[in-house]
Amino acid sequence: MTITLPRTPAAFRVSRWPSWLSRWVGYRATPQAKIPMYIALVYAFIGVFGALSVLQALFGRVEQLMHFHVPPIVYSYGSVVLIAYVVPESPMGQPRALVGGHFIGALIGVCITKLFLLLPTESRFDELLWLVGSLCCGLSIVLMQMTRTVHPPAGATAVLASVNVEIREMGWFLLPVVLISSLIILVLALIINNIQRQYPIFWIRPEEQKETKTDDIESADVNAQDDASSSGSQTAVEVEVRSWSQSEATLTIYEAQKSANDKAINNV
């Protein structure tokens, strides 16, 4: 079973936004041209280096966050940046999977870990740690599949919530940390990947691509109809003017003939 969302309202479709804005959220009216490999590698390096640097500077230098004993980086994000900046066209690296998958992984990991921490002794918890980590990863993958947010590094986030002591001690605070980390990577990906590439391919549903193409076709049809209507109106006006000109010419000939006949009668 998968959870699906209704069709995006027309007012929120990026195909209707100004071109200078829609470009930075991944919309292209025409297919994006491929760039040489060496340029793609440069952008990938900038994205990976920049994202990890920002995350470590945020969680390793901000005193308010250090108070909660947040590690400089949640280790699973090392593979997140690879997907987001090296293969940004991957379905598993799109915003829905990037943000939703990690949040689900962290949520399941914390919930299962908190449940097993209710065991009488810590030694008993350590004995069952293999079971805790397996349940966290397995259940998070099932839920990600149901919500169509499959993101491989999110499975590692779920496991780290149980087996890594430093992250386990964060408890529920892991959820906002994961959410902030995912959003930072997403924002940087929107900037770096849209300079000469395209990201995301879709935001919520893959069907958005088809809807966008449909909108473009409908818009083109409307423009064609308007052009046809305008052309038809112009043609009608031209026909009317031509008819009026012919009538005027006929009237002039009739008056000339009548004048000639009057003169002939007078002469007689």
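Just so we're clear, the structure is a prediction, and the values are computed from it rather than from any experiment. Starting from 1, each residue takes its place in the sequence as its number.
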In a check of side chain to side chain contact (heavy atoms under 4.5 Å, CB included) between Leu135 and each of Thr113, Ile112, Leu128, which one passes?
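Single side chain to side chain contact (heavy atoms under 4.5 Å, CB included) partner of Leu135 among Thr113, Ile112, Leu128: Ile112.
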For the side chain to side chain contact (heavy atoms under 4.5 Å, CB included) test, which of Ile180, Val54, Val74 pairs with Phe59?
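Answer after filtering Ile180, Val54, Val74: Ile180.
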Is there a donor-acceptor pair under 3.5 Å between the side chain of [X] and the backbone N or O of [Y]?
X      : Y      : answer
Ser162 : Val159 : yes
Asn193 : Pro88  : no
Arg96  : Thr147 : yes
Arg197 : Tyr85  : yes
Gln94  : Ser90  : yes

Going only through I, L, V, M, F, W and Y residues with side-chain contacts under 4.5 Å, is there a path from [X] to [Y]?
X      : Y      : value
Val99  : Ile204 : yes
Phe49  : Ile83  : no
Val177 : Leu188 : yes
Tyr27  : Val187 : no
Ile73  : Val62  : yes

Taking atom [atom1] of [X] and atom [atom2] of [Y], what is their separation to the nearest 0.5 Å?
X      : Y      : atom1 : atom2 : value
Leu143 : Ser140 : CG    : OG    : 8.0 Å
Leu175 : Ile104 : CG    : CD1   : 11.5 Å
Met144 : Arg148 : CE    : CZ    : 15.0 Å
Ile46  : Ile191 : CD1   : CD1   : 12.5 Å

Could you tell me whether the side chain of [Y] reaches within less than 4.5 Å of the side chain of [X], counting heavy atoms only?
X      : Y      : value
His102 : His151 : yes
Cys111 : Leu107 : yes
Ile141 : Val150 : no
Trp24  : Ile195 : yes
Tyr199 : Leu186 : yes
Gln56  : Leu52  : yes
Leu98  : Pro200 : no
Val132 : Val163 : no

Is it the case that atom CH2 in Trp172 sees more than 12 heavy atoms from other parts of the structure closer than 6.0 Å?
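Yes, because the 6.0 Å sphere around CH2 of Trp172 holds more than 12 heavy atoms from other groups.
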Regarding Tyr75 and Thr157, do their side chains bring together a donor and an acceptor under 3.5 Å, going by distance alone?
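Per modelled atom types, Tyr75 and Thr157 side chains form no pair under 3.5 Å.
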Taking all atoms of both residues into account, what is the closest heavy-atom pair of [X] and [Y], and its distance?
X      : Y      : result
Tyr77  : Ser182 : OH-OG, 2.8 Å
Val110 : Ala161 : N-CB, 4.0 Å
Val81  : Ala51  : CG1-CB, 3.9 Å
Gly101 : Ala154 : O-CB, 3.1 Å
Leu55  : Ser181 : CD2-CA, 3.7 Å
Pro71  : Ile167 : CG-CG1, 4.2 Å

Can you list, pair by pair, the side-chain donor-acceptor contacts under 3.5 Å of residues 31-45, counting residues two or more places apart and other chains?
residue	atom	partner	partner atom	Å
Gln32	OE1	Arg28	NE	2.7
Gln32	NE2	Gln196	O	3.0
Tyr43	OH	Gln196	OE1	2.8

Only pairs under 3.5 Å count here: list side-chain donor-acceptor contacts from residues 117-125, not counting sequence neighbours, and write none if there are none.
residue	atom	partner	partner atom	Å
Thr121	OG1	Ser123	OG	3.2
Thr121	OG1	Arg124	N	3.3
Arg124	NH1	Glu127	OE1	2.9

Give the intermediate values and the outcome of side chain to side chain contact (heavy atoms under 4.5 Å, CB included) for residues Phe116 and Leu131.
CA-CA 10 Å; Phe116 275 85; Leu131 178 61; 4.0 Å; yes
